[in-house]
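The block underneath contains the structure these notes are about, expressed in structure tokens.
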Amino acid sequence: MTTALTLWLAVAVVLTLLAGIGRLLGGRTMPAFTSVWVGWGAAATLMTLMAGATPLPMHQQLAAFGAVGLAGLTANPPTCDDLRRLGKLWLLALPLALVWGHTQVFMWDDFAHRLPSLAYTYMFDSLPAAGLPPSHSDFPAYPYALTLLGLAVCELLGGFAPTGIALVNGGLLVLFAGLVAHTLWPRHTLLWGRLAAALLLVTALAPPFIPKVLVSAYQDATLGLALAVAWLAWRRMLREDAYTWRDWLQLGVLLALVVSLKQVGLVLMTLFGLAIAALHALNLAPRKQAGLAPALLLFAPPVLVWSAWRSYVALNMPGGEFSLMPFADWNWPLIPTMLWSLAVTMWEKPLTFIPLLASTLLLAKPRWRARYVDAPTLAAIAVGWGYAGFLGFTYLAAFGTYEAGILASLTRYLQHVNWMLWLVLLVTAQRAGLFYRLHQRGWEIAAIALILTLPWTFKHQLIGKPNAEARQMLAVAPLLMERLPADGTILIQVDEPQGSGFRAKVLKYALGPHYRVQTGVTGFGVAGNPTPTVWLIADDDGLTLRDCRSEPCTVSVLTPEATEAEPPAP
């Protein structure tokens with residue numbers, strides 16, 4: 001079993017090498033905590049452009065990027081202050097890291113397509129391709145930027161590490177806290193109190209912080225952080241005396257990262273890019289001596305990434321993404337139900353809506369508008385509302401009846417813009433002088449004490465409660481593989497009279513691409529599907545395997561000890 005410390009060391013190496021790539025693009029003037037995101041965006045861009053165009057296996061491509069990262073660190077080494085700042089930040093985040101190190105991934109989408117995609121790339125050393133076995137992910141054509149970091153962790157460890165992606169997400173949040181500290185207290189980021197306060201502002205005090213989503217294989221939190229970093233990069237450009245083609249290129253690479261993380265990244269990139277272009281065209285953002293011609297570099301990287309990935313998907317994974325339904329099937333009759341679900345969600349989870357609503361209130365009073373609503377703030381608010389409208393459209397035109405009616409995962413999807421809007425509120429509070437008291441010694445000591453103790457106090461909330469069904473299926477998978485030949489011809493039906501199909505998702509992941517697994521219904525057989533040769537019947541007493549390949553059918557009861565099961569290596 002890979003220890004938590006070993007996992008964290010592998011994550012640290014991956015993020016450090018990404019920072020080296022970023023420093024090649026940004027040089028010594030780029031804020032230290034931004035370079036990781038720029039380097040990741042550059043790596044994701046190049047690997048997407050190379051998809052299908054190079055015979056190199058994934059581990060060799062990753063090794064090449066590692067060498068580039070080392071070259072970047074050699075050419076532009078971090079300063080002593082950067083190293084001191086980073087060291088203090090990680091010491092303060094050590095309790096968080098120790099708690100997160102014991103996390104396990106047990107959420108629906110983890111097993112439906114996040115972990116299957118990671119397992120596939122590790123098993124075949126390649127993205128899903130036409131000449132390889134089909135992926136066992138529900139959506140194999142989802143972008144792979146975060147999956148590639150999880151794969152890099154696996155390659156460093158020399159074995160499959162399903163929790164690697166979760167710890168990558170956690171590490172990125174810690175580095176994001178350093179960027180927040182640099183933004184709010186640019187002259188005091190070496191102080192322990194400021195760094196502790198920044199960690200609190202992105203964890204315990206942050207409305208977008210949802211621990212079970214962050215420390216999982218989900219991309220949602222990290223997508224929101226990437227957009228927030230892009231917003232900060234543009235804000236820094238506007239505050240400087242001049243910006244050059246290199247500044248626009250860095251911003252374009254950050255937006256390419258947004259596109260490379262999820263399908264909806266294209267929507268976020270488009271909204272953000274249009275907001276920037278409109279503000280510059282209307283002269284609401286100051287013009288600098290470089291002019292607007294280099295601004296074309298803002299759109300070049302994300303458009304190239306999107307175009308290259310669309311071409312690769314069309315050739316290798318057609319139909320492997322979430323898509324719109326036919327117009328006749330749109331959920332028009334559910335609009336009243338959706339509005340009621342929105343009201344219920346706002347009542348039950350009001351913190352989720354604070355970033356969007358509170359930032360919009362800055363437009364309410366002319367005095368606030370004149371003092372606090374600059375071009376970056378206006379762009380962020382516009383993107384926030386534009387994306388909220390897009391989410392409403394997706395529930396109408398893409399989601400099934402049940403998911404649309406309850407606005408499934410709305411709080412998770414709002415993370416895509418909430419981190420940027422939360423930064424808007426933090427920057428506004430800093431400009432209004434609300435952080436003045438943090439200059440006092442008592443507040444600094446309190447911030448340090450809280451960040452060191454809260455992770456232990458709320459340990460179970462930070463890592464979530466493991467799913468008993470997931471543990472059960474992960475434990476029974478090896479027993480099934482002992483009984484079933486991995487020849488690609490076995491169709492397994494998981495019959496769950498009282499279930500939602502979650503057991504089948506977990507089993508499909510655990511067995512890999514060599515078996516076909518489908519969700520069952522009460523009774524044997526599923527209309528319109530091939531007749532299964534093996535049934536796995538789940539009930540309160542355990543799992544019953546009915547093997548109908550032989551005559552007469554053989555039946556065995558599988559009751560494994562499933563208390564501490566982990567996702568197996570593929």
Side-chain angles (χ1 to χ4, degrees), residues 7 10-22 35-54 56-69 72 105 110 113-129 132 135 137 139-172 175 216-223 225-226 253-254 256-263 265 301-302 304-306 308-309 312-313 316-317 320 570:
L7 269 173
V11 169
V13 170
V14 170
L15 297 182
T16 300
L17 294 175
L18 290 179
I21 298 174
S35 58
V36 173
W37 300 88
V38 174
W40 185 16
T45 298
L46 292 176
M47 294 192 81
T48 302
L49 294 178
M50 291 190 301
T54 174
L56 290 177
M58 295 299 299
H59 78 274
Q60 293 184 10
Q61 296 183 42
L62 292 172
F65 280 104
V68 173
V105 281
D110 289 335
H113 47 90
R114 313 294 184 190
L115 289 181
S117 293
L118 175 63
Y120 188 96
T121 55
Y122 180 76
M123 183 185 304
F124 295 102
D125 207 11
S126 169
L127 295 172
L132 294 174
S135 173
S137 167
F139 298 109
Y142 272 8
Y144 278 72
L146 188 57
T147 303
L148 293 177
L149 297 194
L151 179 62
V153 171
C154 294
E155 295 294 343
L156 283 174
L157 295 174
F160 186 64
T163 55
I165 291 181
L167 297 190
V168 165
N169 282 333
L172 288 169
L175 295 179
S216 70
Y218 283 45
Q219 293 104 321
D220 300 275
T222 303
L223 173 62
L225 295 176
V253 166
L254 288 171
L257 174 59
V258 171
V259 173
S260 301
L261 280 167
K262 286 197 74 172
Q263 269 187 287
L304 281 174
V305 166
W306 182 81
W309 186 244
Y312 186 82
V313 167
N316 295 279
M317 297 171 282

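Numbers here simply count residues along the sequence, with the first being 1. Atoms considered below: every heavy atom in the structure, side chains included; atoms not considered: hydrogens, waters and symmetry mates.
Remark: Leu257 CG to Leu225 CG distance equals 10.5 Å, nearest 0.5 Å. How far CG of Leu132 is from CE of Met123: 11.5 Å, rounded to the nearest 0.5 Å. In this structure, Gln60 CD and Glu155 CD are separated by 10.5 Å, a value rounded to the nearest 0.5 Å. To the nearest 0.5 Å, atom OG of residue Ser260 and atom CE of residue Met47 are 11.0 Å apart.
Here the closest non-hydrogen pair linking Thr222 and Leu261 is O-CD1, 4.1 Å. Nearest heavy-atom pair across Thr163 and Leu7 is OG1-CD1, 3.2 Å. Of all heavy-atom pairs between Ala308 and Thr48, the closest is CB-O, 4.0 Å. Closest approach of Gln61 and Leu56 over heavy atoms only: NE2-O, 2.9 Å. Nearest heavy atoms, Met317 versus Pro128: SD-CB, 3.5 Å. For the pair Pro116 and Asp110, the tightest heavy-atom approach, listed with the atom from each and the gap, is CD-O, 3.3 Å.
By the 30° and 60° cut-offs, the orientation of the rings of Phe160 relative to Tyr122 is tilted. The aromatic rings of Phe139 and Tyr142 sit parallel to each other, their planes meeting at less than 30°, with 60° as the upper class boundary. Between Tyr312 and Trp309, the two ring planes are parallel [angle under 30°; tilted spans 30° to 60°].
Evaluated for a side chain to side chain contact (heavy atoms under 4.5 Å, CB included) with Trp40, the options Leu254, Leu15, Leu172, Ile21 yield exactly one hit, Leu172.
Residues that satisfy the ring pair (Phe, Tyr, Trp, His ring centres under 6.0 Å) test with Trp306, not counting sequence neighbours, are absent from this structure. Scanning for ring pair (Phe, Tyr, Trp, His ring centres under 6.0 Å) contacts around Phe65 gives an empty result, with sequence neighbours left out.
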Give the intermediate values and the outcome of side chain to side chain contact (heavy atoms under 4.5 Å, CB included) for residues Leu18 and Leu149.
-> CA-CA 10 Å; Leu18 290 179; Leu149 297 194; 3.7 Å; yes

Kindly determine whether Ile165 and Leu146 satisfy side chain to side chain contact (heavy atoms under 4.5 Å, CB included), including the steps that lead there.
-> CA-CA 7 Å; Ile165 291 181; Leu146 188 57; 3.6 Å; yes

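At a threshold of 4.5 Å between non-hydrogen side-chain atoms, the residues Phe124 and Ser135 do not count as touching. Residues Thr45 and Leu304 form no side-chain contact, since every pair of their non-hydrogen atoms from C-beta on lies 4.5 Å or further apart. Annotation: side chain of Leu151 is not in contact with side chain of Tyr120 (no heavy-atom distance under 4.5 Å).
Of the possible donor and acceptor atoms, one in the side chain of Asp125 sits under 3.5 Å from a partner among the backbone N and O of His59. Judged by distance alone, with hydrogens and angles left aside, the side-chain atoms of Thr121 form a donor-acceptor pair with the main-chain N or O of Ser117 at under 3.5 Å.
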